[in-house]
K.L.:
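The following block contains the structure, expressed as structure tokens.
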Amino acid sequence: MILSRKVHKSSLSAAARALAVIVTLIFLLSGCTEPKVKGSADSAALNSSYPTLKYYTIGTPDPDIEIVNEALNQLLEKKCNLRVEYIKIGWSDYGKTLSSLINSGGDFDLAFATNLDQGDFFGNAKRGVWLELDPYLGTVGREMYDVINPNLWDGMKIGGKIYGVPTNKEIAVPEWWIYDQALIEKYQIDITRYRTLESLEPLFRLIHEKEPNCTVMKLDQFAHNFFALENYEYLLDKSVPLMVRSTDATLSVESIFETPLALQTLRTLRRYYQAGYINEDAAVCTDVGPDETRSVFWREGGGGPNATASWSKDFGYKVVAQQVTDSIVTTESARGAIIAVNARTRYPEECIRFLNALNTDPEIRNLLNFGIEGMHYDLTPEGQVDVRKDSGYVGVQYTLGNWFILKTLRGDPVDKWDIYKKFNQAAVKSQLLDFVPDVSDPQLAAQIAAVGAVTNRYYTALMTGTVDPDVMLPKFNDELRAAGLEQIKEVFQRQLDEWKQAKRLATP
């Protein structure tokens with residue numbers, strides 16, 4: 001069970017104390033002053049002449065987080081004249097904890113924020129919770145502003161102003177189709193030929209006939225955005241099935257399940273399900289990991305470059321992956337990971353100095369990501385990180401800032417970050433980049449909730465082929481309209497039109 005607790009205020013175990021001694025030796029040998037460990041950490045912060053920033057982020061609290069925090073502060077005191085109180089909150093508790101802090105006026109300086117249940121970056125920016133960063137990005141934050149991809153900064157803008165620092169990583173998250181490499185080689189299949197659902201049919205038929213013990217097409221109840229194959233993106237999320245084509249300059253909002261594309265897609269999925277290609281439990285399946293009882297031929301996933309290597313590692317067997325949608329920078333991908341500054345902080349410049357270091361200083365960034373060398377990881381002869389088994393510290397990479405100054409992991413391509421840079425250079429901006437619907441109106445919020453309840457009853461069954469779309473789709477659309485989808489569509493279209501006009505007037 002994940003516990004929500006401030007691990008920096010707990011007592012260190014005997015093992016952790018022993019590790020602290022090792023940290024002390026490491027820093028003494030490197031010429032740094034001895035790091036302060038539990039028992040002195042809080043008093044050290046109080047007695048220090050440096051301001052201490054309270055920084056909340058998401059992730060399973062680590063046994064060694066205090067040790068890493070003290071090592072971090074040794075660096076920050078020397079390089080930035082500040083300290084940080086580094087607080088990790090468990091995945092299931094983070095959103096509630098941060099919301100409570102914000103609503104109660106609680107004391108914090110920086111926080112990870114993204115979607116509704118992980119800090120609600122957009123909603124809290126509209127409420128004035130986050131500090132506007134523009135005045136600092138040309139001065140104390142200039143270095144990080146220059147190294148972070150400009151498309152990501154565009155995605156941060158709300159009303160033309162920037163309220164958060166995005167993680168500098170892949171800037172688009174296209175769809176990939178993932179195949180079992182052994183079967184691809186066995187049947188000499190050219191996966192580049194398959195880019196539509198319909199094109200997969202002869203391939204699926206072959207595998208179904210020749211490999212009876214194989215799950216041909218693995219789907220789960222989280223359901224996949226097959227509409228992205230035609231460059232559709234959700235205005236809100238899949239609970240409100242209103243979409244716009246990323247490449248459509250007119251920004252016309254469509255009720256996706258009333259389009260011919262949806263009917264064609266759902267009929268294809270139903271045909272695959274009835275043929276036995278899709279796993280029977282798809283509508284209730286929550287297991288997205290490897291299947292230990294049956295091999296899986298085809299999966300779908302959203303990701304960046306180096307997909308084949310990363311998914312092979314995740315699934316525990318070799319796969320090959322083919323990108324099947326364009327690399328498009330959307331608001332969702334740009335805002336996938338953000339660190340925001342509390343507008344009430346007493347230390348705005350210090351917050352920016354810390355964020356600047358996190359995005360430009362490899363020593364600080366690698367420490368927060370991997371922990372301490374010789375304790376949490378070792379370096380291979382090639383200089384790659386080899387994480388120790390049962391390491392007491394694991395950073396959540398996507399939450400902690402610039403990836404391009406990180407060391408690579410053992411087994412990664414040596415030129416991994418060059419691969420990412422080339423991928424980013426090829427990405428194009430969505431026509432909707434930096435637009436997010438305003439759903440603060442209580443009547444609109446109630447309609448969105450009602451539509452979401454309808455979607456929850458139908459979406460997964462339809463998108464996995466489990467039910468007949470010719471029977472269920474008309475019922476789904478009738479209930480969506482009754483719940484208020486058309487009214488939501490009108491509001492979103494009006495907001496889009498106003499946003500587009502404002503952008504046109506703001507363009508020199």
Side-chain angles (χ1 to χ4, degrees), residues 26 30 57-60 62 64-65 68 71-72 75 79 86 88 112 143-144 146-149 151-152 165-174 176 178 181 289 301-323 327 333 336-337 339 355-427:
I26 291 170
S30 65
T57 191
I58 193 169
T60 304
D62 307 284
D64 290 356
I65 193 169
V68 173
L72 172 66
L75 295 174
K79 297 184 176 191
Y86 176 38
K88 260 189 183 180
F112 171 77
E143 286 181 278
M144 71 173 172
D146 288 342
V147 301
I148 293 174
N149 192 293
N151 286 324
L152 293 174
V165 176
T167 294
N168 197 32
K169 55 186 184 69
E170 78 271 320
I171 62 174
V173 188
W176 296 74
I178 309 157
Q181 180 176 315
N306 199 36
T308 291
S310 60
W311 275 310
S312 292
K313 189 180 299 181
D314 290 344
F315 294 136
Y317 61 91
K318 289 186 176 181
V319 302
V320 288
Q322 173 66 41
Q323 183 176 334
S327 296
S333 64
I339 301 177
L355 292 172
N356 195 71
L358 197 56
N359 284 279
T360 61
D361 189 307
E363 190 176 13
I364 289 172
R365 181 64 182 89
N366 279 279
L367 172 66
L368 271 182
N369 206 80
F370 302 117
I372 298 168
E373 183 184 353
M375 180 182 295
H376 303 115
Y377 71 92
D378 300 295
L379 285 180
T380 68
E382 297 76 25
Q384 293 190 307
V385 171
D386 189 2
V387 177
R388 291 191 172 187
K389 187 178 181 182
D390 300 323
S391 171
Y393 179 81
V394 179
V396 183
Q397 180 171 307
Y398 81 97
T399 68
L400 294 169
N402 187 10
W403 287 10
F404 296 93
I405 55 175
L406 284 172
K407 298 181 185 297
T408 57
L409 288 166
R410 180 174 61 85
D412 280 343
V414 177
D415 61 345
K416 177 179 178 178
W417 300 128
D418 289 332
I419 294 171
Y420 271 73
K421 288 175 182 176
K422 290 177 182 177
F423 174 87
N424 284 350
Q425 288 168 359

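Values in this document were obtained by computation on a predicted structure and should not be read as measured data.
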K.L.:
Y393 and Y377: aromatic ring centres closer than 6.0 Å?
P.N.:
no
K.L.:
Would you mind telling me which of T60, D62, T57 makes a side-chain hydrogen bond (donor to acceptor under 3.5 Å, both in side chains) with K88?
P.N.:
D62
K.L.:
Provide the closest heavy-atom pair for P305 versus E170 in the form atom of the first, atom of the second, distance.
P.N.:
CD-CB, 4.1 Å
K.L.:
Looking only at heavy atoms, what is the nearest atom pair of P166 and L152, with distance?
P.N.:
CG-CB, 3.7 Å
K.L.:
In Å, rounded to the nearest 0.5 Å, how long is the span from CG of L75 to CD1 of I364?
P.N.:
5.5 Å
K.L.:
Sequence neighbours left out, what passes side-chain hydrogen bond (donor to acceptor under 3.5 Å, both in side chains) with N424? Give chain and number order.
P.N.:
none
K.L.:
Step by step, work out the side chain to side chain contact (heavy atoms under 4.5 Å, CB included) result for T399 and T167.
P.N.:
CA-CA 7 Å; T399 68; T167 294; 5.8 Å; no
K.L.:
Identify the two heavy atoms, one from G336 and one from Y398, that lie closest to each other, and give their separation to 0.1 Å.
P.N.:
O-CE1, 3.8 Å
K.L.:
Looking at side-chain heavy atoms only, is the closest gap between M375 and D64 below 4.5 Å?
P.N.:
yes
K.L.:
May I ask you to test the I339-L358 pair for a side-chain heavy-atom distance under 4.5 Å?
P.N.:
yes
K.L.:
Drop me the distance from W311's CH2 to Y317's OH, to the nearest 0.5 angstrom.
P.N.:
12.0 Å
K.L.:
Can you find a heavy atom in the side chain of S333 that is under 4.5 Å from one in the side chain of I171?
P.N.:
no
K.L.:
With rounding to the nearest 0.5 angstrom, report the CD1 to CG distance, I372 to N366.
P.N.:
13.0 Å
K.L.:
Check side-chain hydrogen bond (donor to acceptor under 3.5 Å, both in side chains) between T360 and all other residues, then give those that pass, not counting sequence neighbours.
P.N.:
none
K.L.:
To the nearest 0.5 Å, how far apart are OG1 in T308 and CD in Q322?
P.N.:
9.0 Å
K.L.:
Check whether S327 reaches the backbone of A172 with its side chain - one donor and one acceptor, N or O, closer than 3.5 Å.
P.N.:
no
K.L.:
Would you give the length of the straight line joining atom CZ of F404 to atom CG of N168, rounded to the nearest 0.5 angstrom?
P.N.:
5.0 Å
K.L.:
Could you tell me which residues satisfy side-chain hydrogen bond (donor to acceptor under 3.5 Å, both in side chains) with Q384, sequence neighbours excluded, listed by chain and number?
P.N.:
T408
K.L.:
Kindly state each residue pair satisfying salt bridge (charged side-chain N to carboxylate O under 4.0 Å, His left out) with at least one member in residues 377-386, sequence neighbours excluded.
P.N.:
D378-R388, D386-R410
K.L.:
Counting only heavy atoms not in K407, do more than 12 sit closer than 6.0 Å to its NZ atom?
P.N.:
no
K.L.:
Identify every side-chain donor-acceptor pair in residues 414-423 under 3.5 Å, counting partners at least two apart or on other chains, and give the distances.
P.N.:
unit_1 : atom_1 : unit_2 : atom_2 : d
K416   : NZ     : D412   : OD2    : 3.1
W417   : NE1    : L406   : O      : 2.9

K.L.:
Is a donor on one side and an acceptor on the other found under 3.5 Å between the side chain of S312 and the backbone of V319?
P.N.:
yes
K.L.:
Quick check: closest heavy atoms across G301 and I178, and the distance to 0.1 Å?
P.N.:
N-CD1, 3.9 Å
K.L.:
So does L400 get a backbone contact from the side chain of R365, meaning a donor-acceptor N/O pair under 3.5 Å?
P.N.:
yes
K.L.:
Measure the spacing between CG of L409 and CG of N369 and express it to the nearest 0.5 Å.
P.N.:
8.0 Å
K.L.:
I'd like to know if the side chain of N402 pairs up with that of N359 as donor and acceptor (distance under 3.5 Å, no hydrogens or angles considered).
P.N.:
no
K.L.:
State which residues pass salt bridge (charged side-chain N to carboxylate O under 4.0 Å, His left out) with E363; sequence neighbours excluded, sorted by chain then number.
P.N.:
K79
K.L.:
Could you tell me whether a side-chain N or O of W403 sits under 3.5 Å from a main-chain N or O of Q397, the two making a donor and an acceptor?
P.N.:
yes
